[in-house]
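First the structure, in the form of structure tokens, and then the observations on it.
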Amino acid sequence: MPRFIPEQSHLCHVCDTRFTITTTFDPRAADPRPASQPRACPRCGAPLRHTGGKDIGAAKNIVLTHYGLSFYRQHFGSVKDFLLRHCRTARDVDDYLALVERLDFAEWESDQRRSAARRGDALSAEERAEHQIVPKARAEAASGKLLADVRAAADEAKAVLSEERARHLRAAKG
Ligand SMILES: [Zn+2]
């Protein structure tokens, strides 16, 4: 049986209609993900969008997704997908961009060195891959390439949000 998560009040990011969503989660499903009903705003038809946590962890997830690490690719898809899953508005997208911009790659690398020294062979294959990516990310952050690439993905996500907003606002008025 699916599990029911308590009903939540949801505010549409396009037309500001407030409505109740019911979410179920079936841990035994082939692809266990929470599923919400309704799946779109009853007034304008915009899909449900949520804002994710805005912290250093999210910024690191964006970087590792950008470099295509398998776990992150499977979990988040592309950087554009990540942003569309965690942003309601272009301002949210800018917040994530700013977090990536402020990442301290030197600190990230030294955290990893400490972790490698402490855990040695206990590191998973995924963690080892991550340890190889961070020095590259640090170099590309220094040259400006990383931020340019992430900004390009952010622009694509903003274009989707903007087009969605225009289309569903028309539907709400019609
Ligand atoms: Zn709406």
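All ligand and atom numbering here is 1-based and tracks the order in the structure. Remember, it's a predicted structure, so these values are computed and weren't measured experimentally.
Near-neighbour remark for the Zn ion (ligand 1): protein N, O or S atoms under 2.8 Å are Cys12 SG, Cys15 SG, Cys41 SG, Cys44 SG; waters not counted.
With respect to the salt-bridge test (charged N to carboxylate O, under 4.0 angstrom), the residues Asp111 and Arg114 qualify. The residues Lys145 and Asp149 are annotated as salt-bridged, a charged nitrogen and a carboxylate oxygen being separated by less than 4.0 angstrom.
When side chains are defined from C-beta on, His75 does not count as touching Thr65, because their heavy atoms never get closer than 4.5 Å.
The distance from atom SG of Cys12 to atom CZ of Arg49, rounded to the nearest 0.5 Å, is 10.5 Å.
Annotation: Leu169, atom CG; neighbour count of heavy atoms from other residues, nucleotides and ligands within 6.0 Å is above 12.
Using a 4.5 Å cut-off between side-chain heavy atoms of Ile, Leu, Val, Met, Phe, Trp and Tyr, Leu48 falls into a hydrophobic cluster with Phe19, Ile21.
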